[in-house]
Amino acid sequence: MRATSATIRAVNGMTARWAADGLAPEALAKGTAFSAVGVWPLLAFLADGASGPARGELEDALGIGATESAEAARGLLGALARIEGSAAAVGLWTRPGLEVHDQWAAGLPDAMLGRFSGDDGADKQSLDAWAAERTGGLIPAIPLHVDEATLLVLATAQAVRTKWLSPFHATGLVPDDEGPWAGRTLVGLSRRTSLLDRVGVAQTPAGDLTVLQVLGNTGVDVHLLLGERDAAPGAVLAAGIDVLSGTHRATPGDRLPLGEPGPGLYVRNVRAGGRDPVLSVTTSPFSLTADHDLLATSALRPHHRHGRRPRPLPGHQRPSAGGAASQRVGVGPLHRGGLRVGDGHGHRHGPRRRGAPGASTPSRPRVDDRASQGS
C-alpha cells in the first residue's frame, strides 16, 4: 500500500495550516518542531469510526473523505515505514469494559493493542516505553497524564534518521550585528558543492524565500528555509511547503543574477583555481524539542470543535490530545522524532520523498549561501 498524491496533498495542507496559523508566538520565539505526518493518520483513523457531525468535521480537518481516510492513513504509514532509517507505528490502549469495534481496531496497521491494568503509574510507564522504543529514544515519554478517567489512548509515532550524503564540517560562525546572537562567536556548519541547483529563490506571499536542499543517504532530503528579515516564521514555513509542493517555483542557483537575489544568498564572480562553479553554504546547527496541545491548535480546530466520540466508543467524553516532536541537525546525522496521542476521558455516569514533510523553526538561523563562479 502506498501514499497517494491526494494523501500527500492533504498532509501537506495540514502542515501548512499548522505553520501559518497554529503555532503560538512564544513557541516561535524560542524555536519549535512539529509535523502533521503524525497527527493526520491519527485523525484519519478516528474519522473512519466517527459518525454524525464529528465525521464531517474530521473530514474538514483531514482534507479527505472519511470513507477513504483509514486506507489513506495505512498507505501513509506504510510508505514512511519503507523509507530506510524511518519507522512508523500505531498504538491503542483501552480500559477493561470499554467496547471497541473489532472491525475498526483491525484496521489499525500492525498496532500495539494493549489494556490498562488499573495501576496508573505502571500504565504510564508502559506508554512511555512504547514511545521511546518506537522513536529510538527521540521521544522518551508520551505527553499524557494517565488516571482512572483515561478510557482509551490512540497514538502514532514516527522517527527518521539519515546521514548527509555530502557531510558538513564544523566552522566558526559570527552573526551580524542585528540578530539575537550579535557579538558572539558560535559553532557553525559549512559545506561546498559544484551543484548550484541545490539552492534556489522563490517569490511567495511571505516574500522572497531562499531554499537549500540537503540530501540524505536514505532518500530523505532536508530543506532549509530562510525568509526575509521581517517575515513571520510561520508564514515562511507555510511558503516553504508550497514551494516543495509546486505551488510556488524556485529559480535554481545557476539561473540567479549576480548580487543578492534572495535572503542570505550572494552570487558573485571570484578568482579561483578552476572554472567549476561553487556553492558555499554556512548555516547553524540546532536541536529542537516541543510539546503541543493539539486541541488548542487552530489548524486542527475542526477536531477541537466536535469534541465528540466515534460511535464505537460509548462514554467517551472530555477528549484531549497532545504531541511531542524532536529534531537535531548538525555535522552528524539528522535525527527527527514525533509522537501524537489522543485520549478519551470519561465518567461512568457521563520523500527523494517530497510529500508530507515535517517542519521546524530554529530561532532565526543564519544561512549564508555563496554561489561563486570561477573566472
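The chain is numbered in sequence order, starting from 1. Because the structure is a prediction, the values reported are computed rather than measured.
Between the side chain of Asn217 and the main chain of Lys163, a donor-acceptor pair closer than 3.5 Å is present. With hydrogens and angles disregarded, no donor-acceptor distance shorter than 3.5 Å links the side chain of Arg192 to the backbone of Ser280. A side-chain donor-acceptor contact under 3.5 Å links Arg95 to the backbone of Thr150. For Trp40 (side chain) and Ala73 (main-chain N/O), no donor-acceptor pair under 3.5 Å exists by modelled atom type. Side-chain N or O atoms of Arg17 include one that pairs as donor or acceptor with a backbone N or O of Ala61 at under 3.5 Å. Using modelled atom types, one side-chain atom of Ser86 and one backbone atom of Leu80 make a donor-acceptor pair closer than 3.5 Å.
Grouping the Ile, Leu, Val, Met, Phe, Trp and Tyr side chains by contacts below 4.5 angstrom, directly or via other members, places Leu113 with Val100. The hydrophobic clustering, which links ILVMFWY residues whose side-chain heavy atoms are closer than 4.5 Å, places Leu195 and Val267 apart.
Under the 4.5 Å side-chain criterion, counting only non-hydrogen atoms from C-beta, Glu71 is not in contact with Glu68. Trp164 has its side chain out of reach of Leu189: every pair of non-hydrogen atoms, C-beta onward, lies at least 4.5 Å apart. Considering only heavy atoms from C-beta on, Thr67 comes within 4.5 Å of Arg55 through its side chain. Taking the side chain as every heavy atom from C-beta outward, Ile83 and Val160 never approach each other to under 4.5 Å. Inter-residue side-chain proximity for Phe168 and Val214 is flagged as met; some heavy-atom pair is nearer than 4.5 Å. Looking at His145 and Asp120, their side chains never come closer than 4.5 Å, going by heavy atoms from C-beta outward.
Listed here is the closest heavy atom pair of Ala238 and Ala19: N-CB, 3.8 Å. Of all heavy-atom pairs spanning Thr135 and Arg161, the tightest one is O-NH2, 3.8 Å. Considering every non-hydrogen atom in both Arg191 and Ser166, the closest pair reads NH2-CB, 3.1 Å. The shortest heavy-atom contact between Trp93 and Ala155 is CZ3-CB, 4.1 Å. Closest approach of Asp48 to Ser69, counting heavy atoms only: N-OG, 3.7 Å. Across all their heavy atoms, Ala250 and Ala202 have their closest contact at CA-CB, 3.8 Å.
Relative orientation of the Phe34 and Trp18 rings is tilted, given thresholds of 30° and 60° on the angle between their planes.
Between Leu209 atom CG and Gln203 atom CD the span is 11.0 Å, to the nearest 0.5 Å. The CZ atom of Phe116 sits 10.0 Å away from atom CG of Asp147, with the distance rounded to the nearest 0.5 Å. Here CZ of Arg74 is found 12.0 Å from CG of Leu76. Values are rounded to the nearest 0.5 Å. Between the CG atom of Leu256 and the OH atom of Tyr266 there is a distance of 14.0 Å, given to the nearest 0.5 Å. Of the inter-residue distances, the one linking Thr210 atom OG1 with Asp208 atom CG reads 7.5 Å to the nearest 0.5 angstrom. Residue Ser284 holds its OG atom at 8.0 Å from CG of Leu186, rounded to the nearest 0.5 Å.
Counting non-hydrogen atoms of other residues, nucleotides and ligands closer than 6.0 Å to CZ of Arg115 gives a total above 12. Asp119 CG: more than 12 foreign heavy atoms inside a 6.0 Å radius.
By the side chain to side chain donor-acceptor pair (under 3.5 Å) test, Ser117 is found to be paired with Asp123, residues two or more places apart in sequence or in another chain being considered. Contacts of Thr204 classified as side chain to side chain donor-acceptor pair (under 3.5 Å), with partners at least two apart in sequence or in another chain: none.
For the side-chain contact (heavy atoms from CB on, under 4.5 Å) with Ile8, the qualifying choice from Thr4, Val11, Asn12 is Asn12, the only one to do so. For the side-chain contact (heavy atoms from CB on, under 4.5 Å) with Arg198, the qualifying choice from Val281, Asp254, Val211, Leu215 is Leu215, the only one to do so.
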Q: Quick one: do Val243 and Leu225 satisfy side chain to side chain contact (heavy atoms under 4.5 Å, CB included)? Show the steps, please.
A: CA-CA 10 Å; Val243 171; Leu225 311 174; over 6 Å; no
(Q) Run the side chain to side chain contact (heavy atoms under 4.5 Å, CB included) test on Met14 and Leu43 for me, step by step, so that the C-alpha distance in whole Å, both residues' side-chain angles and the decisive distance to 0.1 Å come before the verdict. (A) CA-CA 11 Å; Met14 180 178 286; Leu43 295 183; 3.9 Å; yes
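Taking the charged nitrogens against the carboxylate oxygens, Asp128 and Lys124 do have a contact shorter than 4.0 Å, which makes a salt bridge.
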